[in-house]
Engineer: 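So that we are looking at the same thing, I have put the structure below in structure tokens.
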Amino acid sequence: METKDLMYKRAYVWDKLNAEERKACMDMGEDYKAFLNESKTERRCAAEIIRRAKEAGFVCICEKKELKAGDKVYYNNRGKAVMLSVIGSEPLENGMNIVGSHIDSPRLDIKQNPVYEAGGTTLLKTHYYGGVKKYQWVALPLALYGVIVKANGEKVEIAVGDKCGDPVFYISDLLPHLAKDQMSKTMSEGVEGESLNILIGSLPVDDTEASDRFKTALLAVLNERYGITEEDFVSAELEAVPAGAARDVGFDRGLIVAHGHDDRVCSYASLAALLSIEKPARTTVGLYVDKEEVGSIGATGMHSQFFNNMVGEMIALMNGGNCSDLAVRRALAHSTLLSADVAAAFDPNYPSVGDNANFAAIGQGIAMVKYTGSRGKSGANDAAAELVGKVRKLFNDHGVVYQTSELGKVDQGGGGTIAYIMANYDMDVIDAGGAMLSMHAPWEIVSKADVYMTSRAYHEFFVNYR
Ligand code: MN
Ligand code: MN
């Protein structure tokens with residue numbers, strides 16, 4: 001063996017792509033941006049995933065009387081989480097190849113009794129969702145998305161701020177001239193949760209003697225446009241996200257800035273990989289779940305029973321309506337899951353937070369993360385060496401550019417994914433996803449090379465992993 005072959009060296013994806021692949025990579029970047037622009041919230045993202053799946057021939061599992069090899073089905077969990085599956089030729093009890101990602105992202109949720117007026121303006125109170133640095137969410141244009149369920153049960157969709165000509169919304173910040181006290185606070189206290197109030201109006205009603213002139217005028221506008229009253233906010237789910245489309249970054253257009261790359265980049269990569277699969281041996285599953293950013297709880301989060309319920313439904317549809325508890329347990333226990341979540345990438349502006357030999361970098365392909373967690377690997381799934389070995393071999397055998405990563409230096413911080421939840425099913429699980437900059441910021445960055453290579457990695461896993 002030559003001495004140069006003794007060393008492990010990570011590669012850049014760009015160096016490994018021929019001209020045709022480079023074009024495919026750039027084209028995928030365009031499609032990914034289009035996907036993101038339709039997917040600003042988990043509800044919108046679920047709808048976009050289902051729209052694309054239907055276009056590729058998937059049908060709702062609720063319409064199936066039986067399932068056979070090659071069938072393509074989707075399950076819509078309350079409009080906020082999705083399961084896609086291409087049924088394999090082997091029995092489900094042999095296990096599935098699953099890629100699990102999440103479609104919720106950090107943002108500002110609107111409170112249940114949110115509308116008030118102050119200083120000649122009307123505002124909405126918010127409660128932040130997920131791990132946000134609150135100071136990042138002021139002084140930038142915001143869009144509002146969500147649903148309002150009216151008194152009569154009718155559901156109204158709200159989507160304002162991203163279409164051409166739409167107004168946007170905004171959270172004011174203190175001018176530097178008067179920010180002496182604010183600037184001496186820590187960054188976590190400089191902007192407080194209760195001051196993240198969104199400007200939504202500034203016109204009063206004509207009656208100068210009326211009380212709440214601004215709030216009343218705004219409620220009248222909302223009533224005219226959506227047929228709602230103030231009480232309807234009680235049964236609403238509205239989310240404020242940065243207004244604006246995904247865009248290329250850099251003179252050479254290799255990067256994409258957008259809201260919600262965490263974790264829609266893995267969701268997109270998994271979706272793109274799954275939609276092209278025909279007649280696999282093992283059943284392939286794409287999971288696109290909600291609530292990861294707040295602990296994966298709730299009926300639409302990964303802790304919910306919805307996935308094992310679906311496995312039971314699929315087994316029953318393959319076996320003339322019969323399904324035993326044991327069959328479900330076997331199907332889950334014999335499955336392998338790539339927990340498809342983003343990895344933090346080396347940031348040239350903050351070079352000291354990671355052990356760079358063990359930290360992902362932009363453009364070096366899908367990042368395999370053996371363990372997440374914090375301190376002494378607390379909360380880590382910690383994939384077994386045997387599993388890492390199999391996935392590594394799969395990637396090497398099929399020209400997938402991969403890197404390894406852990407979240408920063410030892411004791412610098414930490415985090416988690418859905419990996420440990422799925423591993424509770426007695427399933428082999430490893431984290432593997434794209435690397436990114438500015439994770440959880442209103443605008444995040446990924447490389448087109450990593451989107452492309454991550455999708456290739458998921459495709460090889462779906463088709464060739466045994
Ligand atoms: Mn994530
Ligand atoms: Mn996250």
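Counting starts at 1 for both ligands and their atoms, following the listed order.
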Engineer: Partners of E38 by side-chain hydrogen bond (donor to acceptor under 3.5 Å, both in side chains), sequence neighbours excluded?
Structural biologist: none

Engineer: side-chain hydrogen bond (donor to acceptor under 3.5 Å, both in side chains): which pairs involve residues 343-352, sequence neighbours left out?
Structural biologist: none

Engineer: Report the distance from atom CG of N97 to atom CG of N464, rounding to the nearest 0.5 Å.
Structural biologist: 9.5 Å

Engineer: Are K377 and Y371 in a cation-pi setup, meaning NZ or CZ lies under 6.0 angstrom from the ring centre and within 45 degrees of the ring axis?
Structural biologist: yes

Engineer: Just to verify, what does H303 make a side-chain hydrogen bond (donor to acceptor under 3.5 Å, both in side chains) with, not counting sequence neighbours?
Structural biologist: Y420

Engineer: The Mn ion (ligand 2): which protein N, O or S atoms are under 2.8 Å away?
Structural biologist: D262 OD2, E293 OE1, E293 OE2, H440 NE2

Engineer: How many angstroms lie between atom NZ of K72 and atom NZ of K279, to the nearest 0.5 angstrom?
Structural biologist: 9.5 Å

